[in-house]
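To start, the structure under review is shown below, and the notes come after it.
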Amino acid sequence: MTTTSLSTILDDAFSNRYGVPAINVVNDLTMEAVLRGAVQAGSPVIVQTSVKTVRSVGVDVLAAMWRAMTEGIDVPVCLHLDHCPDREVLSECLRAGWNSVLFDASLLPIEENLRQTIEVVAEARRYGANVEGEIEHIQGVEDGVGSDEASAQHSLDVTLDFLRRTEVDVFAPAIGNAHGAYTRTPTLDGDRVSAIVAAHPIPIALHGGSGLTDEQFRDLISRGCAKVNISTALKTTFMRSSLRELRRAEETDRWDPPSVFRSVGDDVAALTVQLAEILGSAERAPGAG
């Protein structure tokens, strides 16, 4: 199986009401581990890169890693550019083979957001890629993108006009979710998801998935959230696992980097399996089970 389009992955999840983990990776180790976890779970997975990761690792290096790691993979996978307000970076990633992009123009006036999103959709279509749209920023700063200020929600009419005119493939509404670590369990507006989906059936992207309860996941997925973004949980797992292994090396005075990489990778793979089971995507890959 080669890489799969975002729409193909999410259309099945949306129709059958399960969620697909969309996990932000930060390097080769986490990319390999997330893909390994998806294979172990028999789950589709969306591997995401932030603009910060693209700039730090490099477009060509990330694209080469992706091609090497997904060759012959037997679960549906796609590579997604997350929260990108920079049109040049977005275009570079599309040229290099990213399967989908989130053009984040949520801090622009709605008409300018709409105008530029229409252009991005047309550009992405030339590469056979999909586009996620957003008209309200999700509260919180992630990898240098976003704002800590809460975003005002647009009316349903404005939202539907955006969806119809841009023809984006996935939509990410603000529903009380936030990037980063929650200090308390958030109150989420599931009714808004239901209203959008009822008026314009489209897979909904749930941002700020790290820290939500299983019950919240089940409720929102049942309403049409098919793409579930996870970033903070991966970063926390990666850093805590690394710290544990480095402390162990210090205690034993055995300094073996590959053993650290193996343990951290196993923890990230286990996180991916756990997410697939919670979101209902485990054993959903063709031939799984």
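Throughout, numbering of the chain's residues begins at 1 and tracks the sequence.
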(request) For Glu215, look at atom CD and say whether over 12 heavy atoms of other residues, nucleotides or ligands are found less than 6.0 Å away. (result) no
(request) Indicate yes or no for a side-chain donor-acceptor contact from Gln153 to the backbone of Ala174 under 3.5 Å, with no hydrogens or angles considered. (result) yes
(message) Side chains of Val20 and Arg284, heavy atoms from C-beta outward: is any pair under 4.5 Å?
(response) no
(message) Counting C-beta onward and ignoring hydrogens, is there a side-chain heavy-atom pair between His80 and Leu6 closer than 4.5 Å?
(response) yes
(request) Report yes or no: do Val273 and Leu271 belong to one cluster of Ile/Leu/Val/Met/Phe/Trp/Tyr joined by side chain heavy-atom distances under 4.5 Å? (result) no
(message) When you compare the side chain of Arg67 with that of Leu79, does any pair of heavy atoms fall below 4.5 Å?
(response) no
(message) With rounding to the nearest 0.5 angstrom, report the CG to CD distance, Leu107 to Glu136.
(response) 11.5 Å
(message) Under 4.0 Å between a side-chain nitrogen and a carboxylate oxygen: does that hold for Asp189 and Arg223?
(response) no
(request) Dump the intermediate steps for side-chain hydrogen bond (donor to acceptor under 3.5 Å, both in side chains) on Thr30 and Asn27, then the final yes or no. (result) CA-CA 6 Å; Thr30 51; Asn27 58 10; 2.8 Å; yes
(request) Evaluate side-chain contact (heavy atoms from CB on, under 4.5 Å) for Leu35 paired with Thr70, printing each intermediate quantity in order. (result) CA-CA 8 Å; Leu35 291 169; Thr70 58; 3.9 Å; yes
(request) Indicate yes or no: at least one non-hydrogen side-chain atom of Trp66 is less than 4.5 angstrom from one of Met31. (result) yes
(message) So does Thr53 get a backbone contact from the side chain of Asn24, meaning a donor-acceptor N/O pair under 3.5 Å?
(response) no
(message) With heavy-atom distances below 4.5 Å as the criterion, would you say the side chains of Ser242 and Val264 are in contact?
(response) yes
(request) Using modelled atom types only, decide if a donor and an acceptor are shared between the side chain of Gln216 and the backbone of Thr213 within a distance under 3.5 Å. (result) yes
(message) Salt bridge or not between Asp266 and Arg262? Use side-chain N to carboxylate O under 4.0 Å.
(response) no
(message) Can you tell whether the side chains of Glu123 and Arg126 come within less than 4.0 Å, N to carboxylate O?
(response) no
(request) Answer yes or no on whether Arg95 is positioned over the face of Tyr127, meaning its NZ or CZ is under 6.0 Å from the six-membered ring centre and within 45° of the axis. (result) no
(message) With clusters defined by side-chain heavy atoms of hydrophobic residues (ILVMFWY) lying less than 4.5 Å apart, directly or transitively, does Val25 cluster with Val39?
(response) yes
(message) Do the side chains of Arg115 and Glu112 get close enough for a salt bridge, i.e. N-O under 4.0 angstrom?
(response) yes
(request) Tell me whether the guanidinium CZ or amine NZ of Arg240 lies under 6.0 angstrom from the six-membered ring centre of Phe238 and within 45° of its axis. (result) no
(message) Between Asp86 and Arg55, does any side-chain N to carboxylate O distance fall below 4.0 Å?
(response) yes
(message) Using modelled atom types and a 3.5 Å cut-off, is there a donor and acceptor pairing between side-chain atoms of Thr272 and backbone atoms of Val268?
(response) yes
(request) Determine whether Trp98 and Thr49 make a side-chain contact, defined as any pair of heavy atoms from C-beta on separated by less than 4.5 Å. (result) yes
(request) Would you indicate whether the side-chain heavy atoms of Pro173 and Arg192 approach each other to under 4.5 Å? (result) yes
(request) Output the distance between atom CZ (Phe103) and atom CD (Glu132), rounded to the nearest 0.5 Å. (result) 13.0 Å
(request) Evaluate the ring planes of His83 and His207, with Trp represented by its six-membered ring, and classify them as parallel (under 30°), tilted (30 to 60°) or perpendicular (over 60°). (result) perpendicular
(request) For side-chain contact (heavy atoms from CB on, under 4.5 Å), just list the numbers for Ile9 and Cys78, CA-CA rounded to whole Å, side-chain angles, deciding distance to a tenth of an Å, and then say yes or no. (result) CA-CA 8 Å; Ile9 290 173; Cys78 77; 4.1 Å; yes
(message) Contact between Phe14 and Pro201 at the side-chain level, heavy atoms closer than 4.5 Å - yes or no?
(response) yes
(request) Mark yes or no for whether Asp267, through its side chain, and Thr237, through its backbone, hold a donor-acceptor pair below 3.5 Å. (result) no
(request) Decide if atom CD of Glu119 counts as having more than 12 heavy atoms of other residues, nucleotides or ligands within a radius under 6.0 Å. (result) yes
(message) Determine whether a donor-acceptor pair (N or O, by modelled atom type, separation under 3.5 Å) exists between the side chain of Thr8 and the backbone of Thr4.
(response) no
